[in-house]
Each structure stands twice: as C-alpha cells, then as structure tokens.
Amino acid sequence: MKSYLTPFLSEALTAICSPFGAEVPSEITLEIPRNAEHGDLSTNVAMTLAKALKKNPREIATSLVESLKSRVDATIVTDISIAGAGFINFTFAKDFYGKRLSAVIAEGAKYGENKQGSGVKANVEYVSANPTGLLHVGHGRNAAIGDTIANILVWNGYDVTREYYFNNAGNQMNNLGRSVHLRYLQHFDANVEFSEEDKGLYHGEYIKDIAQTLVVKHGEVLKEPNEANLTTCRKAAEEWCFATIRATMKRMNIHHDVYFNEDSLYTDGKVNDTIEHLRDKGVVYEKDGATWLALSKMGMTDDRVIIKSSGEPTYRLPDIAYHHDKLSRRKFDLVVDIFGADHIATIPDVMAAVETLGEDKSKVRVVIHQFVTLMKDGEQVKMSKRTGRSYTLDDLMEEFGEDVTRFFFIMRGVSTHLEFDLNLAEEQSEKNPVFYLQYAHARIASVLRTAEERGVTIAATANTALLLHPSEIDLIKLVLRFPEIVSRAAETLEPQGIAEFLRDVAAAFHKFYHDCRILGEADDIMQARFALLNAAKTVLKNGLSILGISAPEKM
RNA sequence: GCACCCGUAGCUCAAUUGGAUAGAGCAUCUGACUACGGAUCAGAAGGUUUGGAGUUCGAAUCUCUACGGGUGCACCA
C-alpha cells in the first residue's frame, strides 16, 4: 500500500514545493487511520508543509490531490480526498487487499520477517539472576520480556546473541555457602543457631535441600567450618541453584547462547584494563583509601567508589568492564539490557563511563521493567497456596501453564507495574486472553481438518480478489500489517504490541467466521476463504512463536 | 530531600510515538446459528485522560507546576 503510493506522493510534492524553493520532506508519514471512515491510508504532509509554504493546509492539500489524481491508477486507488484540518485520505479498491494474500501464504513460516537488522550484531542480556536461590516472579517478567525481545530481533534479521550474566564471586556467594553449612550442621545438632536476624543468610527451604544432599554425599566430614569445607558448601549450592535456574528457563522455553561469568572479567584482566583506561582519561582518583570514579566530570552530581578501601571493587567497575567488553572487544552493534526497576540507579553511571572510554553509548538500549504484583480476589498475595512459600516462577508455571505465564508477563507495557491476576490466569475460558488467541488458531485448524475429512481439497491457488465482505477485508488488512508490527516492535523493544495485535487478528477472525460460511459455499468463494484462513493461521502461529507461546491445532 | 517510572471507563490496560469522534477485555444489562468448535459474535451503558498553566493548525502524548502511587539514592549486587 505504502510502497505503491510513496513514489507518486514524492513526485507530487516536488512539483508543489519546488516553485517555492521549499524542501521536500524526506520522510512522508503515511498512516493507517484509526477510523476506517477516513480511508485506508492517510497523510498529514499538507499540514506539516503549511509553515514552509506559507499557505493554509487545505489549499496545499487541494493542489496535492489534483496532482496525485493525475498520477495514480484509478482502478487501484479509488478515492483521494481531503478531510479535517488538511489530512489527505486514500481509499483503495476493494479487491486490492485480497489480491495481496497469495504472498502471505507463499512466505508461510517466514511471513513477518524483516531484514532491517541484517548484518547487525545484537546482544540481549536477560534474567542474569545470581545463583543464590530460585527464580521468582520478577525474574519471570524479565525472562519473558528478554526472550521475546530477542525473538523480535531475530525476526527482523538481527544476528542475536542471548546472554546471561552471572556473578559467582563476592559476598553473596560466601553467604550462600555459610547458609548451607549452618543447615548442614543442624542436621547433626539441632541446637545450631540459624539466626533470623542475620541479613546475609539465605532462609529458603532449598538451602535445607542442598544441605541434605551434602549430608548424603559427604557424611560428617564437612563439620569443621574451615575455608575448604565452606567452599565445598558454596560450590554445591551454586551448582544446585544454577541447575535449577536452567531447568526453570528451559521449561519456559528459554535458552541462552552465552553464560557470561563475572569472574572472567577479573581473570582476563579486563577489570584492570578498564580501570587503567579510565585513569588515563583522568576520571579516577584516590580518596580515603578508596578509588573513586569522577562522575562529576561526566555531567553527574556525585562521584562514586569503584574500588573499596578493602581492595575489592564495587559492582560498578565490573559492570563498566562488562559493557565495554560487549562493545569494544566483542563488537556488538546493539546491546540490549533487560533490568528490573531496582537497577535503575546504576545505568547512568555505567553509560557515562562507557562513553568516556570512547564507545558509542547509543548502541546500548536499556529496557527497564517495573515490578510484578500478584493479585487474587482483589488483594495482593505473596505466598503460594500450593507450597505455602513465596511464589516462584515454577509455581506459576505449575499452576497456570507455561503459555499463560509467559503471556501474562508480556501483555502489558514494560514500564507499567504489572498486576498478575491469579483469578484470570486460572480461568480456562473465554476470559483468559491467551486462550482467545489460541482458540482462534485451533478453530482455523479445525475448519481445515473438517474440510479434509469431508473430502474437500484445498487448492494451491485461489482467486482471493473475491474476498469483498467487510469482515473479510478487515481480517486481510490486519494480516497484511503483520510485518510492519514486527518491525515496529524491534524499534520500540516492546513485546506488548505484538500481543495487542494478535488479539486484534483473533477478533477479526472470529468475526469473519461468524459472518461468513466457508464449507458448502460455491467452490471459488470457498477456496478464497481457505486462502484467508491459511493466511490468518500463519500470522497467529508466527506471532505466537515470537511470544514463545504454543499455537495448538486442538484445545 | 534528590533522581527515575507511573497516573486514561467501576477494575486491568490500549491509543500507529504530536493527529481526526480516546479504544479493548473484565464486571453490569440485552440479544444471536438444528450448518465449518458458543473458549464465539452483536448491542447498551460507562470519560472534563489526577488538577492547573503553557507550547501549536492540533496535546492523553511535549514543557512547567501541584497532588497521588511505585522504585532507587552505601566503600551491598
């Protein structure tokens, strides 16, 4: 549609602008109007030009329309009109849409793919939970958003690396080892204290499970709280947690290509390189026995410590080194970070430092998602009824299934607080938005199945120009829009747009199904409708696959 | 106190990134196939987009301000 009109539009614009010596706008916005009465496509160029040409918008629009009418094929564009303050609306011939369907079916599982990211190396980092416990609902949102964004980029032709950054060094891990050791000791002596006050300790039930495995494997030999034994506890805990996290991810249909170990930044000397590099730039100084990063020289108000007086770096330093590594050594053109709202504070620091190191910070895009609250009967819940402990990601999948869980995490904009409605998730019915989409897909599959059972053959080609019913045209319009939606999602890095779109497709299909019979119609109509069914099915299936959700043939 | 995110129908959220009459789902009320899956469809009702000011042809969207909610402001990660 747009590609058909754009050349004519620029010709007409040139003709109008050049006498005034005004610049022809390089990008002409052609939009699909929200209101169908305004035609199939609409442009606001006349309004945007009003100032430069010093004429009123409607006047410009009038001459544009005249000029356009003499250029376009009137059997394709049936009407060009002016409306409102100076919008120009285009109406296409009714069979215009139907004629384009065959391309959709031909592309099949690839329909919706774009090439805009071709040759661009992208890295998406998500989940990145430290191996100190189980994944909870917040991680779930992060995982679903990150994985879906990675899918979106793949669909747009990017060369995508899915990455998990984890920290198995530092105090947290020591505390984890200590926690396990205490639980281990409790196994032999119930009087051992496990202080509820000690904030460093991990209290979850899984700590006891890990301790139990150590009892079975090592017996009593780890009782002495020396370095070696604590290390054994720590390693066992780390392995257990990490294996559990990976199992949860796998269940959610998520895999990472790279598990980036924070440790490696030290062993490879990247942290040292980074600090030397920063020192060369003159933004590092010593004070009170610690090493500071002069953020005030980079436009921020407060300087921050990057190496503590104890000699240990703060988290900021490896974060900077890590981002520098992604940009400078591994040469990613696009670095996407998926963070929870609690990480918001560190981002400007890291970005400023990365820029100081000479990298282009516009290559880094940070997606910050807000928190998740679980709601039931209008009240916030923290504990799982099933396990009696706080909800983990596995609990959600156990109760509601993987599809529902993933969908609920991405169906809202990332920047809004997410209310995860447990009542709604539980609902195996019309109310549940996931089933609405899946049902549409299953229903199409069912019609095609029934046709086969009745011995009706579905022809390879059909005269789709016969699809002229308003419900048919509405559905076709949406089907044809899919590639644009996929492309947009890559620009906004918002998975939600795809979910919203698929809902529209499903709704348009259900309406079409209600209004138009398929089996039993005259053969040419029936075949044309089969073609439409196949196209709609393709869009639903491909769209759901981007979201990481199954498209069932039966429900 | 400072910074960031958010405030849209009774509830949960959209709104093509500044466009035309602000749209969906749930909840409420009323209807619809002896036919391809009723997990569906149609209709009614529901709004001063938190208040106020500004920017312009045009504002839910941008700016300022007030109010309300969330998050973060360590030599923790």
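Lettering follows sequence order; numbering is per chain, from 1. Fair warning: this is a prediction, and the values are worked out from it, not measured in the lab. Hydrogens, waters and symmetry mates play no part in the numbers below; they use all other heavy atoms, side chains included.
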**A/Phe242: partners by ring pair (Phe, Tyr, Trp, His ring centres under 6.0 Å), with sequence neighbours left out** = A/Tyr164, A/Phe166, A/Tyr259

**Prompt:** Mind checking whether A/Tyr439 and A/His510 have parallel, tilted or perpendicular rings, split at 30° and 60°?
**Reply:** parallel

**Asked** Distance between the P atoms of B/rG7 and B/rG18, in whole angstroms?
**Response** 15 Å

Write out a two-atom table: protein N or O, nucleotide N or O from nucleotides 21-23 of chain B, distance below 3.5 Å.
| unit_1 | atom_1 | unit_2 | atom_2 | d |
| --- | --- | --- | --- | --- |
| B/rU21 | O4 | A/Glu37 | OE1 | 3.4 |

**Request:** For A/Thr291, report the nucleic acid contact type (base, sugar-phosphate, nothing); a contact means any heavy atom under 4.0 Å.
**Result:** nothing

**Asked** Mapping A/Thr48 and A/Ser415 to their closest nucleotides on RNA chain B, which lands nearer the 5' end?
**Response** A/Ser415

**Complete:** Hits for ring pair (Phe, Tyr, Trp, His ring centres under 6.0 Å) against A/Tyr322, two or more places apart or cross-chain, chain-then-number order -> A/Tyr165, A/Phe260

**Listed partners of A/Phe90 passing ring pair (Phe, Tyr, Trp, His ring centres under 6.0 Å), at least two apart** = none

**Asked** A/Thr274 and A/Ala321: which non-hydrogen atoms are nearest, and at how many Å?
**Response** OG1-CB, 3.3 Å

**Complete:** Taken to the nearest whole Å, CG/A/Leu437 to P/B/rU40 is 11 Å

**Request:** Identify whether any heavy atom of A/Arg481 sits under 4.0 Å from a base atom; if not, whether one sits that close to sugar-phosphate; answer base, sugar-phosphate or nothing.
**Result:** base

**Request:** Using a heavy-atom cut-off of under 4.0 Å over every strand shown, decide if A/Gly413 touches base, sugar-phosphate, or nothing.
**Result:** sugar-phosphate

**Asked** For A/Phe87 and B/rG19, do the ring centres fall under 5.5 Å apart while the planes stay under 30° apart?
**Response** no

**Prompt:** Is the shortest side-chain N to carboxylate O distance from A/Asp337 to A/Lys326 below 4.0 Å?
**Reply:** yes

**Request:** Would you classify A/Pro348 as touching base, sugar-phosphate or nothing, given that sugar-phosphate means primed atoms plus P, OP1 and OP2, and contacts are heavy atoms under 4.0 Å?
**Result:** nothing

**Asked** How would RNA chain B look in dot-bracket form, 5' to 3', counting Watson-Crick and G-U wobble pairs with both distances under 3.5 Å and writing | for bases paired to another strand?
**Response** (((((((..((((.....[...)))).(((((.......))))).....(((((..]....))))))))))))....

**Request:** For B/rC33 versus B/rG19, give the span between their P atoms, rounded off to a whole number of Å.
**Result:** 43 Å

**Request:** If a pair satisfies side-chain hydrogen bond (donor to acceptor under 3.5 Å, both in side chains) and one of its residues is in residues 532-541 of chain A, list it, with sequence neighbours excluded.
**Result:** A/Lys537-A/Glu553

**Request:** Write down the distance separating the C1' atoms in B/rG43 and B/rG51, rounded off to the nearest Å.
**Result:** 36 Å

**ring pair (Phe, Tyr, Trp, His ring centres under 6.0 Å) involving A/Phe512 - partner list, sequence neighbours excluded** = none

**Prompt:** What string of B, S and - do you get for nucleotides 30-38 of chain B, 5' to 3', if B is base contact, S is sugar-phosphate-only contact and - is no contact with any protein heavy atom under 4.0 Å?
**Reply:** -----BBBS

**Prompt:** What integer number of Å spans the C1' atoms of B/rG25 and B/rG70?
**Reply:** 25 Å

Side-chain donor-acceptor contacts of residues 474-482 of chain A below 3.5 Å, not counting sequence neighbours, with atom names and distances?
| unit_1 | atom_1 | unit_2 | atom_2 | d |
| --- | --- | --- | --- | --- |
| A/Lys477 | NZ | A/Asp40 | OD1 | 3.0 |

**Request:** Taking atom C1' in both B/rG47 and B/rA15, compute the distance separating them and give it to the nearest angstrom.
**Result:** 14 Å

Can you give the donor-acceptor pairs under 3.5 Å from side chains of residues 292-299 of chain A to other protein atoms, not counting sequence neighbours?
| unit_1 | atom_1 | unit_2 | atom_2 | d |
| --- | --- | --- | --- | --- |
| A/Trp292 | NE1 | A/Lys287 | O | 3.2 |
| A/Ser296 | OG | A/Asp303 | OD1 | 2.8 |
| A/Lys297 | NZ | A/Gly282 | O | 3.1 |

**Asked** When you compare B/rG69 with B/rU8, how far apart are their P atoms, in angstrom units rounded to a whole number?
**Response** 14 Å

**Asked** How far, in whole Å, is B/rA45 from B/rU34 if one measures between their C1' atoms?
**Response** 34 Å

**Ion pair A/Glu312/A/Lys308, N-O distance below 4.0 Å** = yes

**Message:** Counting only side-chain nitrogens and oxygens, does A/Gln496 get under 4.0 Å of the OP1 or OP2 atom of B/rA14?
**Reply:** yes

Strictly under 3.5 Å: I want the nitrogen or oxygen pairs between protein and nucleotides 24-29 of chain B, one per line.
| unit_1 | atom_1 | unit_2 | atom_2 | d |
| --- | --- | --- | --- | --- |
| B/rA24 | O2' | A/Arg503 | NE | 3.3 |
| B/rA24 | O2' | A/Arg503 | NH2 | 2.9 |
| B/rA27 | OP1 | A/Lys431 | NZ | 3.3 |

**Request:** Heavy atoms under 4.0 Å is the rule here; annotate nucleotides 71-77 of chain B 5' to 3' with B where the base is hit, S where only the sugar-phosphate is, and - elsewhere.
**Result:** SSSSBSB

